[in-house]
Amino acid sequence: MPGGADAPSAAMMADHLAGETEELLENLEGTVARLALAYRSCTPDAEDQAMDDEAFAWVQQSLEDISATLRGLTLGRAAEDDVAAPTPLSRATELA
């Protein structure tokens, strides 16, 4: 059964891992960009440079897609948590 007593600790772990993943992806994007520049500077043939540029652009786009997907999962979970959070009794009596 989902949830239960372990749900808060699992949510904390998920938040931590989401932040860690975002940091790793940002680092990887920067590394791939530097690698693309290195390849470009040591590839004299214009046709080969164009092929490399296209390949690195595809890699960067893929990393952006992964990052956006993970952010969407995190936001979706946060929205579900907001909906699932019960209204405290004191707040419910204030609204009545």
Side-chain angles (χ1 to χ4, degrees):
M1 175 191 296
D6 291 335
S9 62
M12 287 176 51
M13 177 63 84
D15 289 342
H16 172 76
L17 292 173
E20 187 177 324
T21 303
E22 181 136 355
E23 189 177 310
L24 288 168
L25 282 167
E26 287 174 10
N27 188 11
L28 184 56
E29 286 175 0
T31 302
V32 168
R34 290 190 306 277
L35 180 60
L37 289 173
Y39 266 84
R40 191 169 229 295
S41 67
C42 69
T43 305
D45 183 60
E47 189 176 320
D48 288 343
Q49 280 184 356
M51 287 176 30
D52 287 351
D53 289 347
E54 188 176 320
F56 281 112
W58 182 84
V59 170
Q60 287 288 14
Q61 183 61 52
S62 296
L63 292 173
E64 290 174 17
D65 291 347
I66 292 167
S67 183
T69 301
L70 289 171
R71 275 194 301 275
L73 289 170
T74 301
L75 291 174
R77 192 178 56 74
E80 288 174 4
D81 289 348
D82 289 346
V83 169
T87 304
L89 183 57
S90 60
R91 178 72 178 131
T93 55
E94 290 172 10
L95 296 174

- Hey, what else clusters with Met12 if you join Ile, Leu, Val, Met, Phe, Trp, Tyr whenever side-chain heavy atoms sit under 4.5 Å? none
- Task: Indicate, with yes or no, if Leu37 and Met51 share a hydrophobic cluster defined by side-chain heavy-atom contacts under 4.5 Å among Ile, Leu, Val, Met, Phe, Trp and Tyr.
- Result: no
- Message: Taking salt bridge (Lys or Arg N to Asp or Glu O under 4.0 Å) as the definition, give me every residue that meets it alongside Asp53, ordered by chain and number, with sequence neighbours left out.
- Response: Arg40
- Message: Using 0.5 Å steps for rounding, measure from the CG atom of Leu70 to the OG1 atom of Thr21.
- Response: 6.0 Å
- Identify the heavy atoms of Ala18 and Thr74 that sit nearest to each other, and give their distance. CB-OG1, 3.6 Å
- Query: Which residue pairs pass the side chain to side chain donor-acceptor pair (under 3.5 Å) test with at least one member in residues 22-39, sequence neighbours excluded?
  - Reply: Thr31-Arg34
- Should we say atom CD of Glu20 is surrounded by more than 12 heavy atoms from elsewhere, each under 6.0 Å from it? yes
- Query: Under the side chain to side chain contact (heavy atoms under 4.5 Å, CB included) test, which residues partner Ser62, sequence neighbours left out?
  - Reply: Trp58
- Item | Any residue meeting side chain to side chain contact (heavy atoms under 4.5 Å, CB included) with Gln61, in chain and number order, not counting sequence neighbours | Glu64, Asp65
- For Val32, what residues pass the side chain to side chain contact (heavy atoms under 4.5 Å, CB included) criterion, not counting sequence neighbours? Leu28, Phe56, Val59, Gln60, Leu63
